[in-house]
Amino acid sequence: MDAAEFVELFQDTYLRFHRRDDKRSELHGASRAVLMHLATTGPLTIGEASHHLARAQSVVSEIVDGLEHKGLLERMRDPRDKRRVLVWLTDAGHAALARDREVLERPFVEAALARMTDADRAALFTGLRALLHAAPRPEEKPHD
C-alpha cells in the first residue's frame with residue numbers, strides 16, 4: 001500500500017461517511033470565528049474580542065448581539081471587576097460549535113463499526129493513531 005492508494009481510499013471513505021445535512025450552515029464565518037475564539041480563550045469583553053479578531057468593535061458587538069439572540073452567547077459581569085461585561089458561550093453555544101466541527105455522519109460510522117469484527121476495529125484505530133502520530137506538524141514540510 002502506498003500514499004496514492006491511501007489517498008484514494010481516504011477520498012472514498014470521506015464520500016461515504018461525510019455529513020449530508022445542513023447543520024454546518026447554522027454558523028456562518030464571522031459567528032463561527034467569534035465562538036471558536038471564545039472557546040479557546042475563555043470569556044472576554046467585546047473590546048478584547050474585537051482586538052484579538054482584528055475587527056471593529058461595532059462589528060463584533062453586532063455579531064455578539066446576534067449570537068446572544070440565538071442563545072449561543074451570554075453576557076455576564078466580570079467577577080473580578082463588576083464594571084466589565086464579558087461574553088461567553090452558553091451550553092447551546094458549546095453544542096453548536098461541537099456540531100459545527102463534526103465532519104462525519106456519526107450514525108453511518110457507528111453502523112459500519114458495528115459490522116466490523118473486534119480485530120478489524122482494533123486494527124483500524126491502531127492504524128489511524130499510528131498515521132496521526134507519524135504525520136508531520138502543520139509547520140513542518142513533509143519529507144520526500
Side-chain angles (χ1 to χ4, degrees), residues 1-57 59-80 84-144:
M1 182 183 224
D2 62 2
E5 184 179 2
F6 175 82
V7 168
E8 185 176 325
L9 287 170
F10 183 83
Q11 289 170 343
D12 290 346
T13 302
Y14 176 77
L15 290 174
R16 182 82 50 99
F17 293 102
H18 80 280
R19 271 182 41 187
R20 290 166 174 83
D21 59 10
D22 289 332
K23 289 181 190 171
R24 291 183 73 86
S25 65
E26 179 180 349
L27 297 176
H28 300 287
S31 296
R32 181 181 300 112
V34 169
L35 289 176
M36 289 177 70
H37 187 73
L38 289 171
T40 303
T41 63
L44 295 173
T45 66
I46 290 176
E48 291 165 340
S50 66
H51 177 73
H52 292 181
L53 295 166
R55 304 265 190 220
Q57 189 167 335
V59 171
V60 174
S61 182
E62 191 174 313
I63 294 166
V64 166
D65 287 345
L67 292 169
E68 185 178 30
H69 181 73
K70 291 178 181 178
L72 303 178
L73 286 182
E74 63 184 349
R75 296 171 199 258
M76 59 187 179
R77 293 275 175 204
D78 185 337
R80 293 175 296 191
R84 289 171 28 106
V85 177
L86 304 172
V87 289
W88 182 233
L89 283 78
T90 62
D91 290 344
H94 283 288
L97 201 50
R99 276 191 312 278
D100 188 71
R101 289 177 176 154
E102 287 182 1
V103 198
L104 303 179
E105 190 73 47
R106 188 179 301 253
F108 290 0
V109 175
E110 289 170 349
L113 290 172
R115 291 184 183 122
M116 295 172 73
T117 66
D118 290 344
D120 284 346
R121 262 193 314 279
L124 173 66
F125 285 100
T126 298
L128 286 173
R129 286 185 191 105
L131 178 67
L132 290 171
H133 180 74
R137 301 275 180 233
E139 65 275 5
E140 296 178 52
K141 300 240 186 238
H143 295 85
D144 293 321

Using atom types as modelled, flag every donor-acceptor pair under 3.5 Å from a side chain in residues 6-16 to any protein atom, sequence neighbours excluded.
unit_1	atom_1	unit_2	atom_2	d
Thr13	OG1	Leu9	O	2.7

Which heavy-atom pair separates Pro43 from Trp88 by the least distance, and what is that distance?
-> N-CE3, 3.4 Å

Where do Phe17 and Phe108 come nearest, in terms of heavy atoms and distance?
-> CE2-O, 3.4 Å

From CG (Asp100) to OG (Ser31), nearest 0.5 Å = 10.0 Å

Begin from the C-alpha positions of Leu73 and Leu35 and carry the test side chain to side chain contact (heavy atoms under 4.5 Å, CB included) through to its verdict.
-> CA-CA 8 Å; Leu73 286 182; Leu35 289 176; 3.6 Å; yes

Would you name the heavy atoms of Arg121 and Leu113 that are closest together and state the gap between them?
-> NH1-O, 2.7 Å

Does the pair Leu38 and Leu44 meet the rule for a side chain to side chain contact (heavy atoms under 4.5 Å, CB included), with working shown?
-> CA-CA 7 Å; Leu38 289 171; Leu44 295 173; 4.0 Å; yes

Short N-O contact, Asp65 and Arg75, less than 4.0 angstrom | yes

Sub-3.5 Å donor-acceptor pair from the side chain of Ser50 to the main-chain atoms of Ala56, do we have one?
-> no

May I have the step-by-step check of side chain to side chain contact (heavy atoms under 4.5 Å, CB included) for Leu53 and Val34, ending in yes or no?
-> CA-CA 8 Å; Leu53 295 166; Val34 169; 3.7 Å; yes

Taking NZ, NE, NH1 and NH2 as the nitrogens, is one of them in Arg84 or Glu48 under 4.0 Å from a carboxylate oxygen of the other?
-> yes

Check whether any side-chain heavy atom of Gln57 lies under 4.5 Å from a side-chain heavy atom of Ile46, and answer yes or no.
-> yes

Walk me through it: do Leu86 and Arg77 pass the test side chain to side chain contact (heavy atoms under 4.5 Å, CB included)?
-> CA-CA 6 Å; Leu86 304 172; Arg77 293 275 175 204; over 6 Å; no

Which pairs pass ring-ring contact (aromatic ring centres under 6.0 Å, His included) with one or both residues in residues 37-56, sequence neighbours excluded?
-> His37-His52

Of the non-hydrogen atoms in Ala30 and Ile63, which two are nearest, and what is the gap between them?
-> CB-CD1, 3.5 Å

Euclidean distance, Met76 CE relative to Glu74 CD, rounded to 0.5 Å | 6.5 Å

Would you say Thr45 and Val85 make side-chain contact, with heavy atoms under 4.5 Å?
-> no

For the residue pair Gly71 and Ala92, what are the closest heavy atoms and their distance?
-> O-CB, 3.6 Å

Shortest non-hydrogen contact from Ala39 to Arg101?
-> CB-NH2, 4.5 Å

